[in-house]
2 protein chains.
Amino acid sequence: MRRRALALAIVLLCTSATAAAAPTHISDQALAKAAELRAQALADNTGWQVVESLTTEIGPRMAGSEADARAVEWAKAKFKALGFDKVWTEPVTFPKWERRSEHASVIGAHPQPLTITALGGSPAGTVEAEVVRFDGLDALKAAPEGSLAGKIAYVDFTMTRKRDGADYGIGGTVRSRGPSEAIRKGAIGYIMRSAGTDSHRMPHTGITRFDEGLTPVPAAALSGPDADQLNRLVARGPTRIRISLDCGWDGSYTSQNVIGEITGRSLPKEVVVIGGHLDSWDLGTGAIDDGAGVGITMAAGHLIGQLKQAPKRTIRVIAFANEEQGLHGGKAYAAARVAAGEIVQQHIAAESDFGAGRIYAFNTGSGNPAESREATRQIGEALAPLGIEYRANEGGPGPDVGPLAAKGGAWAWLAQDGTDYFDLHHTPDDTLDKIDPKALAQNVAAYTVFAYLAAESDGSFGSEAKDVVPPRE
Amino acid sequence: MRRRALALAIVLLCTSATAAAAPTHISDQALAKAAELRAQALADNTGWQVVESLTTEIGPRMAGSEADARAVEWAKAKFKALGFDKVWTEPVTFPKWERRSEHASVIGAHPQPLTITALGGSPAGTVEAEVVRFDGLDALKAAPEGSLAGKIAYVDFTMTRKRDGADYGIGGTVRSRGPSEAIRKGAIGYIMRSAGTDSHRMPHTGITRFDEGLTPVPAAALSGPDADQLNRLVARGPTRIRISLDCGWDGSYTSQNVIGEITGRSLPKEVVVIGGHLDSWDLGTGAIDDGAGVGITMAAGHLIGQLKQAPKRTIRVIAFANEEQGLHGGKAYAAARVAAGEIVQQHIAAESDFGAGRIYAFNTGSGNPAESREATRQIGEALAPLGIEYRANEGGPGPDVGPLAAKGGAWAWLAQDGTDYFDLHHTPDDTLDKIDPKALAQNVAAYTVFAYLAAESDGSFGSEAKDVVPPRE
């Protein structure tokens with residue numbers, strides 16, 4: 001801790017010097033306008049209407065599905081209806097995975113069904129074998145080579161509710177890394193307690209992947225109560241289960257990032273990027289993941305677009321394609337900016353993709369954070385009446401702007417309260433009724449204030465092209 | 001209200017006179033023993049262990065299923081293991097209904113799946129038609145004759161959480177009466193918002209029936225969020241859905257009421273009946289409905305059975321067969337008592353079948369309630385330390401002892417807090433984790449105190465054979 005504090009002091013010293021040389025700041029006039037926008041956004045229900053429309057009219061919209069294409073048309077039409085100046089799409093190609101059916105049951109003396117869902121990326125297959133339970137991924141990794149031959153590995157890690165959703169770091173890894181580790185030990189199937197925090201009979205899906213050189217095996221998640229039940233059965237003695245999945249990869253699909261812009265008045269080629277992802281998993285209607293993000297950022301762009309005078313820079317709202325199966329939309333967007341030499345023009349970027357809970361913290365970052373310290377502080381002050389705290393040295397980019405940040409783009413962090421997020425995430429229960437309209441409006445207000453002020457700021461948030469190697473042919 | 005108060009006053013006047021003539025009361029010695037039992041039960045986990053065993057080892061156990069037979073064997077073995085003096089079964093025959101698969105979806109411009117479950121008793125069938133929504137059963141009844149020709153009727157009544165579950169009176173009727181009313185108006189299918197109080201993506205099943213002379217149509221329940229979604233779609237314009245159910249009646253099945261007794265020391269032929277029902281719906285593991293009732297009453301009988309001196313009368317614990325599809329176990333038990341001329345020997349009876357919430361009120365009743373007033377008051381006093389209030393003139397018999405009460409048997413009412421009961425009732429979410437072990441122990445304590453003191457009381461609770469006509473051949 002001491003070493004870290006010292007390092008921080010040095011950083012602050014350096015940044016003060018830099019800030020004096022090239023202060024990034026925001027005019028009083030812009031700050032006054034932002035205060036008006038903040039009040040207006042809190043009283044506006046555009047964000048809610050957008051999420052209602054998307055989740056109702058399109059419903060579930062898994063990447064590559066028939067509904068994916070409908071969602072793209074919906075987003076184009078919605079941007080236009082909301083008065084965006086320019087609306088276009090950019091192609092995003094990815095492998096297509098389909099879920100057709102999934103069943104599991106305990107067999108033997110205590111036969112009964114188990115509620116499961118296939119992990120995204122799982123192959124089809126029916127396996128029947130004894131379950132070997134592990135407390136976590138480390139325990140599975142520690143199992144002797146070959147010890148799971150002919151068995152089904154079961155990793156039983158229980159996530160705890162936290163405001164920042166920190167346990168998903170573990171639960172998500174159990175999902176992404178577990179199957180490959182199980183295969184290395186000889187397992188013929190993989191199951192896990194869902195990466196979730198609820199106690200309902202709804203398993204949480206999500207993408208997994210198999211390391212190269214391994215032969216994939218059926219992989220699925222149990223609901224929390226089913227995991228509890230399996231534990232009680234395993235405690236009684238050897239327990240055999242049958243898993244039967246019909247799902248798998250089937251060719252490739254080209255979807256679209258759908259983009260709407262409010263053109264800037266003096267620096268139109270410099271863009272403040274905000275967005276959410278348009279795709280959802282197939283089990284729910286994708287209200288909190290991520291209809292909310294689409295609604296919040298479309299509404300913020302719309303409110304800014306209603307001003308008599310547009311901000312200096314362009315507000316670019318992106319409904320990203322296929323976030324769920326590997327940030328495909330975010331990667332395509334970053335790659336296109338690199339190819340066009342537009343990284344520096346990405347003034348700052350933020351994605352809303354952590355539900356619809358109230359935002360409680362804010363920060364920005366980049367390879368050169370000193371540039372933006374003053375403007376970030378000013379935006380933080382403008383967000384404070386919304387109950388949002390400026391937290392220097394915290395945060396990071398949202399999923400789909402991560403690839404842009406990795407190429408040198410500056411990012412903003414608007415941290416949402418995710419206490420309940422993993423109750424619903426990737427389950428059938430991700431539906432509109434789970435969104436609190438007032439919390440959603442607070443999000444819209446925060447994104448409106450942030451995007452407007454970032455577009456009005458002098459100087460840079462630190463975006464600079466980095467690690468950009470021309471692609472080899 | 002005035003008229004009712006007057007009638008009550010007359011009743012009280014009459015009963016005072018009768019009570020003086022034949023007081024039913026309980027000795028100080030028995031009351032002291034009950035206080036010991038109460039404390040012991042609160043510290044005992046037998047009730048929990050029984051529910052854990054039933055829900056884990058048997059799991060879902062729909063009447064007539066393979067698991068029904070396993071549950072009967074389980075109950076016999078459990079009674080024996082818990083030290084009951086006598087264990088036997090009595091046959092219960094009923095028609096057998098099976099659920100095989102169920103799907104629904106919106107078709108047209110906004111295609112998407114709907115989460116439904118077939119109502120028990122529904123026939124198989126696939127129907128595709130426009131939905132006509134009604135706020136409640138009265139609105140459906142008011143529809144013009146023939147107005148639903150070729151349509152699917154949709155009744156959208158929303159239950160509210162209440163401690164006594166009062167709204168189930170309406171929601172349950174929407175389920176039981178709705179399909180017949182819809183058919184009378186020409187409907188080719190029937191759907192309803194689930195008779196439940198949760199907002200999860202889990203529909204509530206439950207039995208329905210079709211009036212004689214009508215041709216049954218597919219009938220199903222939507223989860224709450226799916227009903228909300230359908231309402232939003234219907235508000236946008238005509239909405240077509242497809243329902244596809246594979247389910248139906250298939251011959252008859254004979255299950256068993258499983259009965260265990262602790263033999264009374266001086267009046268062994270007079271029985272205090274307590275019990276729950278052994279069957280469950282197939283979607284969950286039947287923890288609150290009604291593993292809890294079985295666990296509570298088996299544990300109460302067990303605790304009384306551990307006493308050095310048995311109570312005067314016999315404690316009879318019954319795990320009733322097939323409550324869910326029409327009180328078949330309760331009807332068979334009553335019919336057998338009538339046939340054997342044993343109604344008066346049914347000293348008093350109570351079923352626990354409203355979950356595992358704490359008991360908050362108590363009363364007894366019969367055709368001649370005056371007989372029991374003093375003993376009921378004394379039992380109420382013994383229950384008071386458990387937070388239970390004696391409420392004269394309230395309550396009624398539990399479902400499976402209703403048929404016995406109808407034949408003149410006295411009943412006791414131990415009212416459970418059902419605030420959350422209809423969140424879980426008849427859904428996949430009816431699982432062990434939903435039971436609070438401390439609340440369950442409070443139930444066990446209440447049943448133990450009640451059953452022991454009722455078995456020790458002098459005089460009668462008012463059981464007398466009535467309306468008993470010898471069956472015609």
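The chains referred to below are lettered A, B, ... by the order of the sequence lines, with proteins before strands, and numbering in each begins at 1. These numbers come from a predicted model, not from an experiment.
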Practice item. Could you tell me which portion of I58(B) (side chain, backbone, both or neither) has an atom closer than 4.5 angstrom to a non-hydrogen atom of chain A? Key: backbone
**Study point:** Any side-chain heavy-atom pair of L119(A) and I207(A) under 4.5 Å
**Key:** no
Practice item. Please flag which part of P60(A) lies under 4.5 Å from any non-hydrogen atom of chain B: side chain, backbone, both or neither. Key: side chain
Exercise for review: Could you pull out all residues at least two apart from A292(B) that satisfy side chain to side chain contact (heavy atoms under 4.5 Å, CB included)?
Suggested key: I296(B), A356(B), I435(B), L440(B)
**Study point:** Interface residue of largest heavy-atom contact number with chain B, from G224(A), G59(A), P428(A), P113(A), under 4.5 Å
**Key:** P428(A)
**Study point:** Between CD1 on residue I243(B) and CG on residue L114(B), distance to nearest 0.5 Å
**Key:** 8.5 Å
Check your understanding: In terms of heavy-atom proximity below 4.5 Å to chain A, should L283(B) be classed as side chain, backbone, both, or neither?
Key -> backbone
**Study point:** L233(A) side chain near V106(A) side chain, heavy-atom distance below 4.5 Å
**Key:** yes
**Study point:** Rounded distance [0.5 Å steps], CD1 in I191(B) versus CG in L222(B)
**Key:** 4.5 Å
Study note, to complete from the structure: For V444(A) and G47(A) the tightest heavy-atom approach is CG2-CA, 4.2 Å
**Study point:** Residue pair L278(B) / A319(B): nearest heavy atoms and the distance that separates them
**Key:** CB-CB, 4.0 Å
Exercise for review: For V51(B) and G291(B), work out which heavy atoms get closest and say how close.
Suggested key: CG2-O, 3.4 Å
Below 3.5 angstrom, are there any donor-acceptor pairs between chain A and chain B, and if so, which atoms and how far apart?
from    : atom 1 : to      : atom 2 : distance (Å)
E52(A)  : OE1    : R236(B) : NH2    : 2.6
E52(A)  : OE2    : R236(B) : NH1    : 3.1
T55(A)  : O      : Q229(B) : NE2    : 2.9
T56(A)  : O      : Q112(B) : NE2    : 2.8
T56(A)  : OG1    : R232(B) : NE     : 3.1
E57(A)  : O      : H110(B) : ND1    : 3.1
E57(A)  : OE2    : R236(B) : NE     : 2.9
E57(A)  : OE2    : R236(B) : NH2    : 2.8
R70(A)  : NH2    : P111(B) : O      : 3.0
H110(A) : ND1    : E57(B)  : O      : 3.1
P111(A) : O      : R70(B)  : NH2    : 3.0
Q112(A) : NE2    : T56(B)  : O      : 2.8
S199(A) : O      : K434(B) : NZ     : 2.9
H200(A) : ND1    : D429(B) : OD2    : 2.5
H200(A) : NE2    : H200(B) : NE2    : 3.0
R201(A) : N      : D429(B) : OD1    : 3.0
R201(A) : NH1    : L283(B) : O      : 3.3
R201(A) : NH1    : P428(B) : O      : 2.7
Q229(A) : NE2    : T55(B)  : O      : 2.9
R232(A) : NE     : T56(B)  : OG1    : 3.1
R236(A) : NE     : E57(B)  : OE2    : 2.9
R236(A) : NH1    : E52(B)  : OE2    : 3.1
R236(A) : NH2    : E52(B)  : OE1    : 2.7
R236(A) : NH2    : E57(B)  : OE2    : 2.8
L283(A) : O      : R201(B) : NH1    : 3.2
P428(A) : O      : R201(B) : NH1    : 2.7
D429(A) : OD1    : R201(B) : N      : 3.1
D429(A) : OD2    : H200(B) : ND1    : 2.5
K434(A) : NZ     : S199(B) : O      : 3.0

